[in-house]
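Here is the structure we will look at.
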Amino acid sequence: MKSLLKLLSISALAVFVIIACEGPMGPAGKDGVDGVDGINGTDGTAKCSACHNNSAVISAKQLQYDNSQHANGEMAAYTNGRTSGDCQKCHTHQGFMEFLKGTGGNVHQTFLDVQQPNCYTCHQVHKDFAVTDLALTTTAPVTFMNGIGGQYNNTASNSSGNLCANCHQARPASPAIPAVGSGNLTLSTSQTRWGPHYSSVSNIMTNTGGYHTAGTLPYNASHSHKNLSCTSCHMATPYGDKAGGHSMALRYESQGTEYVLQAGCITCHTESASAFATKNNNSRAAVNSMLDELKTELIRLGIYNSSTGLAIPGTYQADIAGAFWNYKVAVGDGDDAGGLYAHNPPYTKALLQNSIDRMKQLK
Ligand code: HEC
Ligand code: HEC
Ligand code: HEC
Ligand code: HEC
Ligand code: HEC
Ligand code: HEC
C-alpha cells in the first residue's frame, strides 16, 4: 500500500515537470499611461495645532491658572468623600461634572484621583478637536441654593459669568434663615458654622442673599458693577501670570507693593491712578469699619464668638440671626481685611449699616 502511494506521487511530479516545459518569452508590451495624482492627505496633527502651536494659546493660560486659587486651593482633597453639603460640586472637578449631569449625577462620592477645578471643569477640552472645543461647560442661568431665592443670569460676555455663579454663591442655610422680623433661630453645638459659607459674591451682585431688615439704606440701589460679568474684571488683560486672565486674581504684590489690577476698571474709572487708588482704599476702609462696628454689636448680643469668628449655640430673635448672617455675607464679599468689597458696594453697605442701626436698638 505504502509503495503504491509513493509510485502515484512520483508519477504526479512527472506530469508537472512535463507541463512546466515552455517555449522562449515574447517581446515586452508598451508602458501604460501614468495614473492621476491623488488628493493630498491632511497632516495627522493639523487639527491639534489649532491650539497646540508655538503661540501662547495654551501655555500662557496654564501659567496663569497655575498661579490661581483654583489651582492652589487645597479643599478638593479635604472635601472629597463628604456625604452631605454638596462640597464636591464646587471644590472638585469630578463633583462639578456630576452636578452638570443633573438628577443623574452623584456629587457625593469619594473620587479617585480627585482634582481641583481646572481646564476641563470649565472647558469642553478634546471633545471634537475643533476650536469650539474650548466652549464653556455651562453658561445656563443659576438659581440660587441658599433658600432666600433669586437667580444669577448675566448675559454680558457670552454669559460666561453664569459659569462662575454655580460655585461662587452662598450655600443653603441650615437651619433656614428666619423670615424678616419673625420667629427665632436656634443653633445647636454642631451648627456654629451657620452662615452663607465663604463665597456669596453672585448673590451680592444681584442685590440678594442678605437678610433685609428695615433701615435707611435701600437694598435695590442700582450700581454699575452689578451688570458686569465676573470675567470683565477678574479675567481682564492679565499682568503676567500674577493677576487677570486665568489667574482670576485682582490683588497682587509686585516688588513689595500691593496693587489692584486696573485693566478691567479703567474703561469706567477714568480718574488718575492715584485718585482711583484712594477711592479703592476709602471704600475698603468704610466697609471694614462697618464690619468692626457690627461685630461689636453681635458680640454684645451674645451670638458672635470673638475667638473663633463662629456663632455661639443658642436661641436668637430673627433680627439678631439676620444681622449675623449679613455680617458673614459681607465678609465673603472681601474675604479678608485687605479685600475690596468691590462687587456691589451700595448693597454691602446697606446690609451692614441697616443691621448696625437695628442692633443698636436692641438691649
Ligand atoms: C481646541 C483646542 C485644542 C485642540 C484642537 C487640541 N487640544 Fe490638546 N489640549 C487642549 C487643552 C486646553 C488642553 C489642557 C491643557 C492642560 O491640561 O493644561 C490640552 C491637553 C493636551 C494634552 C496633555 C494631556 C492631557 O490630556 O491633558 C495632550 C497630549 C494633547 N492635548 C494632545 C492633543 C492632540 C494629539 C490633539 C489633536 C488630535 C489636540 N490635543 C487638539 C486644547 C486642544
Ligand atoms: C467648579 C466650581 C468653580 C467655578 C466654576 C469657578 N470657581 Fe472660582 N473658586 C472655586 C473654589 C472652590 C475656590 C476656592 C479654592 C480653595 O480655596 O480651595 C475658588 C476661588 C476663586 C477665586 C480666589 C478667591 C480667593 O480667596 O482668593 C477667584 C477670584 C475666583 N475663584 C473667581 C472665579 C471666576 C471669575 C470664575 C468664572 C470664570 C470662577 N471662579 C469659577 C470654585 C469655582
Ligand atoms: C456652592 C459652592 C460651594 C459648596 C457647596 C461648598 N463650598 Fe466651600 N467654598 C466655595 C468657594 C467658592 C470658596 C472660596 C471662596 C473665596 O475664597 O472667596 C470656598 C471656601 C471654602 C473653605 C475655605 C478655603 C480657604 O482656602 O480658605 C473651606 C474650608 C470650605 N470651602 C469647605 C467646604 C466644605 C467642607 C463644604 C461642604 C460641607 C463646602 N466647602 C461646600 C464654594 C463652595
Ligand atoms: C474657572 C473656569 C476656567 C478654568 C479653570 C479655565 N478656564 Fe479657560 N476660560 C474661561 C473663561 C470664562 C474664558 C473666557 C470665555 C469667554 O468669555 O467667552 C476662558 C477662555 C479661554 C481661552 C480662550 C482665550 C482667548 O484667547 O480667547 C483659552 C485658550 C483657555 N481659556 C484655555 C484654558 C486652559 C488651557 C485652562 C487650564 C490651564 C483653562 N482655560 C482653565 C474659564 C476657565
Ligand atoms: C462699567 C463701569 C465700571 C467698571 C468696569 C468698574 N467700575 Fe467701579 N464704579 C463704577 C461707577 C459708575 C461707580 C460709582 C461712582 C464712583 O464712585 O466712581 C463705581 C464705584 C466704585 C467704587 C466706590 C464704591 C463706593 O461706593 O465707595 C470702587 C471702590 C470701585 N468702583 C472699584 C472698581 C474696581 C476695583 C474696578 C475694577 C476691578 C471697577 N470699579 C470697575 C463703574 C465701574
Ligand atoms: C467690578 C469688578 C468686579 C466684578 C464684576 C466682579 N469682581 Fe470679584 N472682585 C473684584 C475685586 C476688586 C476683588 C477684590 C480682590 C482682592 O481683594 O483680592 C474681588 C474679589 C473676589 C473674590 C474674592 C477674592 C478674595 O480676595 O478672597 C471672589 C471669589 C470673586 N471676586 C469672585 C467674583 C465672581 C464670581 C464674580 C461674578 C459673579 C465677580 N467676582 C465679579 C472685582 C470684581
Side-chain angles (χ1 to χ4, degrees), residues 50-53 55-100 107-108 115-126 131 133-139 142 144-146 152 154 156-172 174 193 196-205 228-238 241 243-252 261 264 331-336 338-339 343:
C51 301
H52 298 287
N53 53 34
S55 77
V57 174
I58 305 284
S59 57
K61 272 73 179 180
Q62 286 170 327
L63 287 170
Q64 293 157 10
Y65 166 79
D66 286 349
N67 227 358
S68 72
Q69 186 72 9
H70 290 138
N72 296 325
E74 350 165 21
M75 291 305 139
Y78 176 74
T79 60
N80 195 25
R82 295 289 181 115
T83 51
S84 66
D86 281 352
C87 319
Q88 297 97 315
K89 168 193 162 186
C90 304
H91 285 281
T92 74
H93 163 72
Q94 287 95 334
F96 193 63
M97 293 297 108
E98 288 296 319
F99 161 73
L100 288 182
V107 169
H108 301 124
Q115 300 159 50
Q116 61 272 61
N118 59 56
C119 317
Y120 300 83
T121 315
C122 298
H123 296 285
Q124 300 178 352
V125 181
H126 292 173
V131 180
D133 257 2
L134 289 171
L136 299 176
T137 46
T138 176
T139 54
V142 174
F144 291 134
M145 58 200 280
N146 63 4
Y152 186 90
N154 188 324
S157 298
N158 314 323
S159 306
S160 51
N162 291 3
L163 167 69
C164 321
N166 283 287
C167 302
H168 289 278
Q169 60 165 309
R171 284 174 51 203
S174 173
R193 290 189 177 274
H197 200 56
Y198 300 84
S199 199
S200 38
V201 173
S202 311
N203 310 79
I204 292 170
M205 292 287 283
L228 291 167
S229 164
C230 317
T231 52
S232 46
C233 295
H234 285 274
M235 297 184 77
T237 309
D241 60 1
H246 277 71
S247 78
M248 299 189 193
L250 281 161
R251 197 161 29 128
Y252 64 96
L261 180 79
V331 166
D333 186 19
D335 214 37
D336 61 48
H343 296 106

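Atoms within each ligand, like the ligands themselves, are counted from 1 in listed order. Fair warning: this is a prediction, and the values are worked out from it, not measured in the lab. Numbers here simply count residues along the sequence, with the first being 1.
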Query raised in the report: Under 3.5 Å, is there a donor-acceptor pair between the side chain of T79 and the main chain of M75?
Result: yes

Query raised in the report: Side chain of N203, backbone of A170: donor and acceptor closer than 3.5 Å?
Result: yes

Query raised in the report: What atoms of ligand 4 come closer than 4.0 angstrom to any heavy atom of N118?
Result: 5 (C)

Query raised in the report: Is ligand 2 less than 4.0 angstrom away from at least one heavy atom of C90?
Result: yes

Report summary line: Numbered in order shown, the ligand 4 atoms found under 4.0 Å of a heavy atom of M248 are 1 (C), 2 (C), 3 (C), 43 (C)

**Report entry** Sub-4.5 Å side-chain heavy-atom contact between Q88 and H108
**Finding:** yes

Requested in this report: Measure the shortest side-chain to side-chain distance between Y78 and R82 over non-hydrogen atoms and say whether it is less than 4.5 angstrom.
Outcome: yes

Report summary line: Per-atom filter on ligand 4: closer than 4.0 angstrom to a heavy atom of C122 are 1 (C), 2 (C), 3 (C), 4 (C), 5 (C), 42 (C), 43 (C)

Query raised in the report: Nearest protein heavy-atom contact for atom 15 (C) of ligand 4: which residue, which atom, what distance?
Result: L136 CD1, 4.3 Å

Query raised in the report: How about atom 9 (N) of ligand 3: does it have a protein heavy atom within less than 4.0 Å?
Result: yes

Query raised in the report: Hey, does the Lys NZ or Arg CZ of K89 hover above the aromatic six-ring of F99, less than 6.0 Å from the centre and inside 45° of the axis?
Result: yes

Query raised in the report: When you measure from atom 5 (C) of ligand 3 to each heavy atom in D86, T83, T79, V331, which option holds the nearest one?
Result: D86

Report summary line: One finds that the ligand 4 atoms under 4.0 Å from a non-hydrogen atom of N158 are 18 (O)

Requested in this report: Would you please say whether a donor-acceptor pair under 3.5 Å links the side chains of Q115 and N118?
Outcome: yes

Query raised in the report: Say you draw a straight line from SG of C119 to NE2 of H70; how long is it, rounded to the nearest 0.5 Å?
Result: 12.0 Å

Report task. Indicate whether the side chain of S202 and that of H168 have a donor and an acceptor atom separated by less than 3.5 Å. Result -> no

**Report entry** Atoms in ligand 4 with a heavy atom of H70 nearer than 4.0 Å
**Finding:** 1 (C)

Query raised in the report: Heavy atom under 4.0 Å from ligand 3: found in R171's side chain, backbone, both, or neither?
Result: side chain

Query raised in the report: When you measure from atom 20 (C) of ligand 3 to each heavy atom in Y198, F144, F96, which option holds the nearest one?
Result: Y198

**Report entry** Subset of ligand 3 atoms that lie under 4.0 Å from at least one heavy atom of S199
**Finding:** 11 (C), 12 (C), 15 (C)

Query - Of the listed options C164, A165, C230, closest to atom 37 (C) of ligand 2 (non-hydrogen atoms) - result: C164

Report task. Verify whether one side chain among N80 and H91 offers a donor that lies under 3.5 Å from an acceptor in the other. Result -> no

Query raised in the report: With atoms numbered from 1 as shown, which atoms in ligand 2 lie under 4.0 angstrom from a non-hydrogen atom of G73?
Result: 16 (C), 17 (O), 18 (O)

**Report entry** Side chain proximity check, H246 to M235, heavy atoms < 4.5 angstrom
**Finding:** yes

Query raised in the report: Among the heavy atoms of N166, does any lie under 4.0 Å from an atom of ligand 2?
Result: no

Report summary line: atom 38 (C) of ligand 3 sits nearest the protein heavy atom C87 SG, 2.7 Å

Requested in this report: Examine H246 and say whether one of its N/O/S atoms is closer to atom 8 (Fe) of ligand 4 than 2.8 Å.
Outcome: yes

Query raised in the report: So is Q64 in contact with ligand 4, going by heavy-atom distances below 4.0 Å?
Result: no

Report task. Please write down residue, atom name and distance for the protein heavy atom closest to atom 29 (C) of ligand 4. Result -> L134 CD1, 3.5 Å

Query raised in the report: With atoms numbered from 1 as shown, which atoms in ligand 2 lie under 4.0 angstrom from a non-hydrogen atom of E74?
Result: 18 (O)

**Report entry** Non-hydrogen side-chain atoms of D86 and R171 separated by less than 4.5 Å
**Finding:** no

Query raised in the report: Taking atom 8 (Fe) of ligand 3 as the vertex, how big is the angle to NE2 in H197 and NE2 in H91, rounded to 10°?
Result: 180°

Requested in this report: Please check if a non-hydrogen protein atom sits closer than 4.0 Å to atom 27 (O) of ligand 4.
Outcome: no

**Report entry** Inter-residue atom distance N146.CG - H197.NE2, 0.5 Å rounding
**Finding:** 13.0 Å

Query raised in the report: Hey, looking at atom 31 (N) of ligand 4, which of K61, H93, H123, Q116 has the closest heavy atom?
Result: H123

Report task. Taking the side chain as every heavy atom from C-beta outward, state whether Y152 and C230 have any pair of such atoms under 4.5 Å apart. Result -> yes

Report task. Look at ligand 3 and say whether Q69 reaches it with a heavy atom at a distance under 4.0 Å. Result -> yes

Query raised in the report: Going by the atom numbers of ligand 4, which of them fall below 4.0 Å from some non-hydrogen atom of M235?
Result: 9 (N), 10 (C), 11 (C), 12 (C), 13 (C), 19 (C)

Query raised in the report: So which of the N, O or S atoms of H168 lies nearest atom 8 (Fe) of ligand 2?
Result: NE2

Requested in this report: Kindly indicate, with the supporting measurements, whether the criterion side-chain hydrogen bond (donor to acceptor under 3.5 Å, both in side chains) is fulfilled by N67 and Q64.
Outcome: CA-CA 5 Å; N67 227 358; Q64 293 157 10; over 6 Å; no

Report summary line: d(H343 NE2, S200 OG) to nearest 0.5 Å is 9.5 Å

**Report entry** Option nearest atom 34 (C) of ligand 4 (shortest heavy-atom distance, choices P117, C167, C119, C51)
**Finding:** C119

Query raised in the report: Distance-only, no hydrogens or angles: does the N158 side chain make a donor-acceptor pair with backbone N or O of S160 under 3.5 Å?
Result: no

Query raised in the report: Under 3.5 Å, is there a donor-acceptor pair between the side chain of T137 and the main chain of T121?
Result: yes

Query raised in the report: Where does T121 meet ligand 4, judged by heavy-atom distances below 4.0 Å: at the side chain, the backbone, both, or neither?
Result: neither

Requested in this report: Provide the number and element of each atom of ligand 4 under 4.0 Å from a heavy atom of V57.
Outcome: 29 (C)

**Report entry** Which segment of M75 sits under 4.0 Å of ligand 3 when only heavy atoms are counted
**Finding:** side chain

Requested in this report: Enumerate the atoms of ligand 2 whose separation from the nearest heavy atom of H234 is less than 4.0 angstrom.
Outcome: 29 (C), 35 (C)

Query raised in the report: Side chain of S68, backbone of A71: donor and acceptor closer than 3.5 Å?
Result: yes

Query raised in the report: For atom 17 (O) of ligand 3, which protein heavy atom lies nearest, and how many Å away is it?
Result: D335 OD2, 3.5 Å

